[in-house]
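We name chains A, B, ... by the order of the sequence lines, and we start the count at 1 in each one. Quick caveat: nothing in here was measured; it's all calculated off a predicted structure.
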Amino acid sequence: MPKLTYTTHLGMFDILPDESPKWRALENIIHEEAAKFNFEEIRTPILEQTELIKRGVGQLTDIVAKEIFAFTKGDSNYVLRPELTAPVVRSFVEHHLDQRGGSQKLYYIGPMFRAERPQKGRQRQFHQFGVEIIGSDDPVADVECIAFMMQIYRRIGIKNFDLKINSVGDPESREKYKSVLRDYLKPNFEELSELSQKRFEKNPMRILDSKEPEDQEFIKNAPVIRDYLNEDSSNHFELVCEYLNKLEIDFTIDPLLVRGMDYYTRTAFELTSPDLGSQDALAGGGRYDLLVEEIGGQPTPAVGFAAGMERLFIACEELDIALAPPKEVDVYIVTLGGAARTWGLTTLPKLREHGISATMDYLGRSMRAQMKDANRENANYTLIVGDNELEKGEFTLRNMKESEEDSFTLDGIIAKLA
RNA sequence: GAGCCUGUAGCUCAGUCGGUUAGAGCGCUAGUUUGUGGCACUAGAGGCCGUGGGUUCGAUUCCCAUCAGGCUCCCCA
């Protein structure tokens, strides 16, 4: 390969013209479905204060410990956002969105950045869409959030997935459970994996998430958090499950589901797909009732999820789902000679004015080459203009799909195609 | 941070058991039709065979290093 001087950074990708239609198609679906759910879009800066992410996501998480892109400029510490829950909550607090009344039903689409080793389904710049419902502790909010997530995949036609849910409890339940879990693991502490040993004190629940073979035996028989939930959290979880059943959303309760961010409380859920390979999470989320206060707002319950767009595309490819139709243009004006070329250039806006997409050759090519180009551009019609047509005021309109052509005045063509 | 794998035309890949001008398919340009696309045929453009060093009379081919990329672990979307 001839050496390129400038390339994208590792794990970062251009979305090229052949790819961009499917991105737009997905974005359109998200916007449309969000509108049906009455979610409102929020857009926040790519850069946030480093401290926000550290506080919001958690100092001990892998994301903060080793995956953030951060730099200092002047007196400010900047970080490329690794996720959007903390920034959205920051915005909610900063702009007093609670004053709009009710609960805020927000959604977002955009790029995130994590400094990980890239692999299939994992890039350094990647894209998520997601929802944050801030201001409600009702299980209805949890379930609407999940329902929205599922609706996106249902509409696209991805059906082959597994929705897992769990409750990670409220602080009171969790402290109780953590000590039970430590007591359970303690006799075998030395046999746990190195990583699990590190997590034992500060975050023993993450041990449940371990994939280390030596941990599995202990995880299998570990006490289950559901048995230690207090009444409120237990009722909350029961209701979430009940509502999901009522909505006929299939799920499995996974007592080992523990999510990576520190801010989760009560409901946690994850959508995985067997079509993705190693990085199999399509989307994940949960409730974070303490985060708003942590970031400096009034105590405010909230729930949300984030979904990976690249991973959704991988699943689409595996399932042969085309999100966007092939490109096409209504009219390609083929010109012969200088007068015709000028006519073509001035006719383009007249067609476009009537909502007809139109283009022509920019390279002064032969008619044959223009026809080939029209074919490549997937033109529905070619409008062929030479001296004959200019004289008569009637132009040849060729239907490229049917391979038939006829003569029309320009008004006739516009009437036919508009 | 660790493991495995790969670097030959725009893309996907052959190939040289080390030896004069490095190949295919697709794509691109043009022609066969100086007013007509998709099919076909013909021609053309496009590669210091990732980079540096070593072995050798000779390296794209062997060895070492380096850079880049991919997959996997970890973790997450």
> So, does the side chain of A:Glu405 form a donor-acceptor pair with the base of B:G37 at under 3.5 Å?
Replying inline: no
> Which nucleotide, B:A2, B:C76, B:U36, lies nearest any side-chain atom of A:Asp280?
Replying inline: B:C76
> Which is true for A:Ala281 with a 4.0 Å heavy-atom rule: it touches a base, it touches only sugar-phosphate, or it touches nothing?
Replying inline: sugar-phosphate
> Got a donor-acceptor pair under 3.5 Å from the side chain of A:Arg311 to the base of B:C76?
Replying inline: yes
>> Heavy atoms only, 4.0 Å cut-off, all strands: where does A:Glu310 land among base, sugar-phosphate and nothing?
In response: nothing
>> Taking only the C1' atom of each, what is the distance from B:U16 to B:U8 in whole angstrom?
In response: 11 Å
> P atom, B:U12 versus B:G35: distance in rounded Å?
Replying inline: 39 Å
> Thinking salt bridges, do A:Arg122 and A:Glu310 make one under a 4.0 Å N-O criterion?
Replying inline: no
>> Over all strands shown, is A:Phe269 touching base, sugar-phosphate only, or nothing at heavy-atom distances under 4.0 angstrom?
In response: nothing
>> Once side-chain contact (heavy atoms from CB on, under 4.5 Å) is applied, do any residues pair with A:Arg55, and if so which ones, sequence neighbours excluded?
In response: A:Glu51, A:Glu294
> Is A:Glu116 side chain donor-acceptor paired with the B:A77 base, going by distance under 3.5 Å alone?
Replying inline: yes
> What class does the angle between the rings of A:Tyr153 and A:Phe161 fall in, given that below 30° is parallel, 30 to 60° is tilted and above 60° is perpendicular?
Replying inline: perpendicular
> Where do A:His31 and A:Ile109 land on the side chain to side chain contact (heavy atoms under 4.5 Å, CB included) test, with the steps shown first?
Replying inline: CA-CA 9 Å; A:His31 290 305; A:Ile109 302 174; 3.7 Å; yes
> If you look at every strand shown and take non-hydrogen atoms under 4.0 Å, does A:Leu10 touch a base, only sugar-phosphate, or nothing?
Replying inline: sugar-phosphate
> With respect to the side chain of A:Thr396, which nucleotide from B:G35, B:U29, B:U72 is positioned closest?
Replying inline: B:G35
>> Would you measure the distance from the C1' atom in B:G25 across to the matching atom in B:G15 and give it in whole Å?
In response: 15 Å
>> Using the P atom as the point on both nucleotides, what is the distance between B:C26 and B:G38, in whole Å?
In response: 14 Å
>> Quick check on RNA chain B: between A:Gly285 and A:Glu402, whose nearest nucleotide comes earlier from the 5' end?
In response: A:Glu402
>> What contact category does A:Gln125 fall into here, base, sugar-phosphate, or nothing, at under 4.0 angstrom with non-hydrogen atoms?
In response: nothing
> Closer to the 5' end of RNA chain B via nearest nucleotide, is it A:Ala283 or A:Ala379?
Replying inline: A:Ala379
>> Over all strands shown, is A:Gly130 touching base, sugar-phosphate only, or nothing at heavy-atom distances under 4.0 angstrom?
In response: nothing
> Side-chain donor or acceptor of A:Asn388 under 3.5 Å from a matching atom on the base of B:G35?
Replying inline: yes
>> I'd like to know if A:Arg398 reaches the base of B:G37 with its side chain such that a donor and an acceptor end up less than 3.5 angstrom apart.
In response: yes
> Is there a donor on the side chain of A:Gln370 or the base of B:U36 sitting less than 3.5 Å from an acceptor on the other?
Replying inline: no
>> Any base atoms under 4.0 Å from A:Glu377, or only sugar-phosphate, or nothing? Heavy atoms, all strands.
In response: nothing
>> Determine whether A:Glu317 and A:Lys22 satisfy the following criterion, side chain to side chain contact (heavy atoms under 4.5 Å, CB included), listing intermediate values before the conclusion.
In response: CA-CA 11 Å; A:Glu317 245 164 71; A:Lys22 77 180 182 191; 3.8 Å; yes
>> A side-chain contact here means heavy atoms from C-beta on lying under 4.5 Å apart; do A:Tyr184 and A:Asn221 qualify?
In response: yes
>> Give me the distance, rounded to whole Å, that separates B:G37 from B:U21 when you measure between the P atoms they each carry.
In response: 42 Å
> Would you call A:Ile152 and A:Phe129 a side-chain contact if the rule is heavy atoms closer than 4.5 Å?
Replying inline: yes
>> When both hydrogen-bonding distances must be under 3.5 Å and the geometry is Watson-Crick or G-U wobble, what is B:U42 paired with, if anything?
In response: B:A30
>> Need the pair for B:C73. Rule: Watson-Crick or G-U wobble, both distances under 3.5 Å, any strand; none if unpaired.
In response: B:G1
>> Using only modelled atom types and a 3.5 angstrom limit, is any donor from either the side chain of A:Asn375 or the base of B:G37 paired with an acceptor on the other?
In response: yes
> Expressed in whole Å, how much space separates the P atoms belonging to B:U33 and B:G70?
Replying inline: 49 Å
> At under 4.0 Å between heavy atoms, what does A:Thr382 touch on the DNA or RNA strands: base, sugar-phosphate, or nothing?
Replying inline: nothing
>> Can you check the distance between B:C49 and B:U60, where both ends of the measurement are the C1' atom (answer in whole Å)?
In response: 4 Å
> Out of A:Thr265, A:Thr267, A:Asp142, which residue meets the side chain to side chain donor-acceptor pair (under 3.5 Å) rule with A:Arg287?
Replying inline: A:Asp142
> Which ones in residues 332-340 of chain A lie close to RNA chain B, meaning a heavy atom under 4.0 Å from one of its atoms?
Replying inline: A:Leu336
> Which residue pairs pass the salt bridge (Lys or Arg N to Asp or Glu O under 4.0 Å) test when at least one of the two sits in residues 143-154 of chain A, sequence neighbours left out?
Replying inline: none
> How far does the C1' atom of B:G50 sit from the matching atom of B:A68, given to the nearest Å?
Replying inline: 7 Å
>> Nearest whole Å is fine: how far is B:U36 C1' from A:Met367 CE?
In response: 4 Å
>> So for A:Arg122 and B:A77, does any side-chain atom that can act as donor or acceptor lie under 3.5 Å from a complementary atom in the base?
In response: no
